[in-house]
Amino acid sequence: MVKVSLLVMLVLTVLIAMGLRWREQRLPAVASQKRLGMVARGKKGLDRWVTAAALAAVVTLAVAGGLHWLRVWLE
């Protein structure tokens with residue numbers, strides 16, 4: 001069960017990061033900052049991945065906890 005949760009978190013992190021990147025490219029306010037330095041681009045990318053990992057952890061906990069309580073309730 002732990003391996004499945006880690007795999008789900010990894011997949012969700014990648015999918016959420018892709019969605020956040022797509023959203024950043026579509027927003028006009030963020031798109032106007034095209035000439036960022038190397039450190040600023042790295043920080044922006046790191047912030048995106050940390051946000052994606054945090055959201056993936058919350059979703060995984062909610063789904064795994066919900067499935068657990070559903071199993072307890074049905075017994």
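Every value quoted in this text rests on a predicted model; they were computed, and no experiment measured them. Below, each value reflects all heavy atoms present in this structure, side chains not excepted, and no hydrogens, waters or symmetry copies.
- Considering NE2 of His68 and CH2 of Trp73, their distance stands at 14.5 Å, rounded to 0.5 Å.
- Closest heavy-atom contact between Ala52 and Thr13: CB-O, 3.5 Å.
- Among all heavy-atom pairs drawn from Thr60 and Ser5, the shortest one is CG2-O, 4.0 Å.
- With Val11 as reference, Leu15 is the one residue of Val8, Val14, Leu15 to meet the side-chain contact (heavy atoms from CB on, under 4.5 Å) rule.
- Side-chain heavy-atom separations under 4.5 angstrom define the hydrophobic clusters, and the remaining members of the one that includes Val2 are Leu6.
- The structure places CG of Leu20 at 11.5 Å from NZ of Lys44, a figure rounded to the nearest 0.5 Å.
- Under a hydrophobic clustering in which Ile, Leu, Val, Met, Phe, Trp and Tyr are joined whenever their side-chain heavy atoms come within less than 4.5 Å, directly or via other members, Trp22 and Leu55 fall into different clusters.
- Applying the under-4.5 Å side-chain rule to Ile, Leu, Val, Met, Phe, Trp and Tyr, the cluster around Leu61 consists of that residue alone.
- Between atom CG of residue Leu74 and atom CH2 of residue Trp69 there is a gap of 13.0 Å, rounded to the nearest 0.5 Å.
- Sorted by first and then second residue, the salt bridge (charged side-chain N to carboxylate O under 4.0 Å, His left out) pairs with a member in residues 47-67 read Glu24-Arg48, Lys43-Asp47; sequence neighbours excluded.
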